[in-house]
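Right, one structure below, let's go through it.
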Amino acid sequence: MPACCGVIGYRGREAILPMKSIAILLLVCTGLARPALAAPADTLEQRAATLHQSAIVLDTHLDTPMLFARPDWRIGDRHSFDADFSQVDYPRMLEGGLDGGFWVIYTPQGERTVAGNRAARDFGLKRLVEIREMVAANADRFEIALSADDAARIKKAGKRIVYISMENASPLASDPSLLSAYYALGLRMLGLVHSANDDFADSSTNPGGPEFNGLSDKGRALVAEANRLGLIIDLSHASDAVFDQVVELSKTPVVLSHTASAALNAHPRNIDDARLRKLAATGGVIQVNSVNQFLIKVPKNGERDAEFDRFFAIIEDGAALTVEKRKQAMRLYREIEAKYPAPQATFEDYMKHMLHILEVAGPEHVGLGADWDGGGGVSGMIDVASLPKITERLLREGYSEAQIKGVLGGNLLRVMRAVEAARQP
Ligand SMILES: [Zn+2]
């Protein structure tokens, strides 16, 4: 029974099969099983494993490109969160059945001056090139995806899917017409803003509050241009007013690429139930985030935050992050956690958000956007190798296989198709 033995041999499934199932499968494969035992395909774990591997599994917010500039970091090697904080690499994608997703051009918001805009422009283009270089250097394992249909084709070819997205439109501040150049080079999703206001939109977490009460005129023009080009608009990080305005303005459904529920934790980065319903009513999708302080209440601690600023200052400059500096950062991280312990979210906390959002928005409007390599990861799901747990849990909750396939990637691809159909080149 080669197919059966193939199941056991597959790393991605092996990781989530309990010992009992493996034992039964071995008996079946070696012909030792009695007929009464030969029904492993009916166990929930087995169904979950098969479903997870057959689905197109996409995450809409992979911050992994931040690591591409690290001198000793290669996507083909297996890393671990404990050793270098990373959460996504090729071996762990295989193990967790993650087919790919949106790899992010994240640009920290700098000064909104001529010089600051130029710096953002250079930063964004460099990151875009780094993503393309990663794919070029690993062409047997990764491929740039440009359309919704590319996802199935690339998966079938045995490669991982690389859509490109932008988080924070500040690289376009000095020249929004650059967006068409980004599109030509593979950009397919545009996040308007990050933690502070930019020229286009208010952020949900801007220290000084709103500036435009939503979008600026430049932001409205950018939304129209994204619609015209065929880019998905991402409203994670945008203020509620921006959300309301873009949902009205955009000709196509929008995505929250990495956002959690405000009903469960009233953090400004999260979205409330009324807006979730609005998102669903307009055909959009929310991809559930796993960042600790978005999932659970974490009391403000200025000293801890200041220490973490020091830590981020070390790790954010990827090109300068030598092995020695990384070790220094790891030491600092452990010191801070020991000195200022904070509540830590678990896999159950993540699932609470996902199940709530599923109930409010409906299973056709939910997906995965756990903020890997950007602050996501919880106890019990610290990297992408653990993703099959979500599929198993959703099956256990009674969601159908079709609904779960939607959550794993199908819902997002539906939005992408709608955006492609509305393109007016
Ligand atoms: Zn983010």
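For this chain, numbers begin at 1 and follow the sequence in order. Values below: every heavy atom of this structure, side chains too, minus hydrogens, waters and symmetry copies. All ligand and atom numbering here is 1-based and tracks the order in the structure.
In summary, an N, O or S atom of His258 is located under 2.8 Å from the Zn ion (ligand 1). Distance check for His237 against the Zn ion (ligand 1): an N/O/S atom falls below 2.8 Å. For the Zn ion (ligand 1), the set of nearby N, O or S atoms under 2.8 Å includes none belonging to Asp371.
Considering just the N/O/S atoms of Glu167, the one nearest the Zn ion (ligand 1) carries the name OE2.
Among the candidates Lys155, Arg153, Arg160, Arg132, the single residue satisfying the salt bridge (Lys or Arg N to Asp or Glu O under 4.0 Å) test with Glu143 is Arg153.
Classified by interplanar angle (parallel below 30°, tilted 30° to 60°, perpendicular above 60°), the ring pair Phe311/Tyr333 is tilted. Taking the six-membered ring where tryptophan is involved, the planes of His194 and Tyr106 are tilted, since the angle between them lies from 30° to 60°.
Electrostatic pairing of Lys352 and Glu348 does not count as a salt bridge here, judged by no charged N lying under 4.0 Å from a carboxylate O.
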